[in-house]
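Just so it is clear, the structure is predicted and the values come from calculations on it, not from any experiment. No hydrogens, no waters, no symmetry mates; every other heavy atom, side chains included, goes into these values. Note that ligands are numbered from 1 as they come in the structure, with each ligand's atoms numbered from 1 the same way.
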Amino acid sequence: MNIIETHAHIYDEGFNEDMEQMLARAFDAGVEQIWMPNCNHETIDSMMALAKAYPEKCLPMIGLHPCYVKEDFEKEIQIIEDYLAKDKFIAIGEIGLDLYWDKTFFAQQQEAFLQQCALAKKHNLWIDIHSRNAFWETVALIEKNADPNLKGIFHCFTGTLEEAQKAVELGFLLGIGGVATFKNGGLDQVIPHISLDKLVLETDAPYLAPVPYRGKRNEPSYLPLVAQKIADWHQCDVSVVLEKTTQNAKALLG
Ligand SMILES: [Zn+2]
């Protein structure tokens with residue numbers, strides 16, 4: 001079974017000790033590709049090293065994560081532009097707004113998001129959105145940007161049904177991960193009502209491990225647990241979920 005892991009920070013130093021075994025477990029579990037979101041200039045080297053070591057399997061994005069947006073964000077965006085000119089990336093990500101950790105740089109977060117949406121347009125790429133406690137603020141920027149060709153994923157979607165429907169209406173997919181397996185995750189009110197055509201799988205590894213690994217380090221080989229939960233809600237076989245989500249992800253790559 002071919003699974004596409006659409007969001008994993010496998011370059012994280014938490015994987016340094018058993019990187020090869022962790023990747024072997026993922027490939028054994030049926031994971032065909034692992035898409036890697038970038039955070040800031042400090043994560044690019046380790047991410048690109050993996051992309052070069054596993055060129056068909058570990059595919060990099062480039063972008064500035066909202067939690068890393070500071071006064072000097074324009075320097076970071078310049079670095080992204082330099083990389084876009086010389087290397088191949090599947091998407092601009094992860095980018096967006098985060099009002100959960102720190103609101104100090106909210107104005108800069110908004111500006112950085114809009115500038116990176118413009119980069120996506122220029123390079124004909126989709127965007128991988130990180131939006132935490134900021135769904136409607138993110139939607140407002142997407143609507144202000146008004147680019148009907150802009151597509152992507154609301155990564156680690158954990159919002160309400162209304163929010164899910166809005167994301168879908170804007171042409172975006174929902175990235176579903178370990179939170180789907182949490183008793184208090186809230187996605188039981190959402191996923192049964194959203195078509196499988198709108199979902200993709202992700203772990204956000206090393207974070208947000210699904211039950212029964214909740215609280216431990218997460219890794220791509222756990223994706224079938226998330227897929228099974230979605231299959232339960234949609235009352236279908238897990239193979240259907242894997243097939244659909246892989247199709248949806250591949251369509252983004254064009
Ligand atoms: Zn992430």
Colleague: Once rounded to 10°, what is the value of the angle centred on the Zn ion (ligand 1) between D204 OD1 and E94 OE2?
Modeller: 170°

Colleague: State the CD-CE distance between E219 and M19, to the nearest 0.5 angstrom.
Modeller: 11.0 Å

Colleague: Within 2.8 Å of the Zn ion (ligand 1), is there any N, O or S atom belonging to H7?
Modeller: yes

Colleague: Could you go step by step and tell me if F73 and Y68 meet the ring pair (Phe, Tyr, Trp, His ring centres under 6.0 Å) rule?
Modeller: CA-CA 8 Å; F73 75 92; Y68 295 83; over 10 Å; no

Colleague: Report the relative orientation of the aromatic rings in F172 and F154; use parallel for angles under 30°, tilted for 30 to 60°, perpendicular for over 60°.
Modeller: perpendicular

Colleague: Does the ring pair (Phe, Tyr, Trp, His ring centres under 6.0 Å) test come out yes or no for H9 and Y11, once each step is laid out?
Modeller: CA-CA 5 Å; H9 302 262; Y11 52 76; 5.7 Å; yes

Colleague: Any N/O/S of C156 under 2.8 Å from the Zn ion (ligand 1)?
Modeller: no

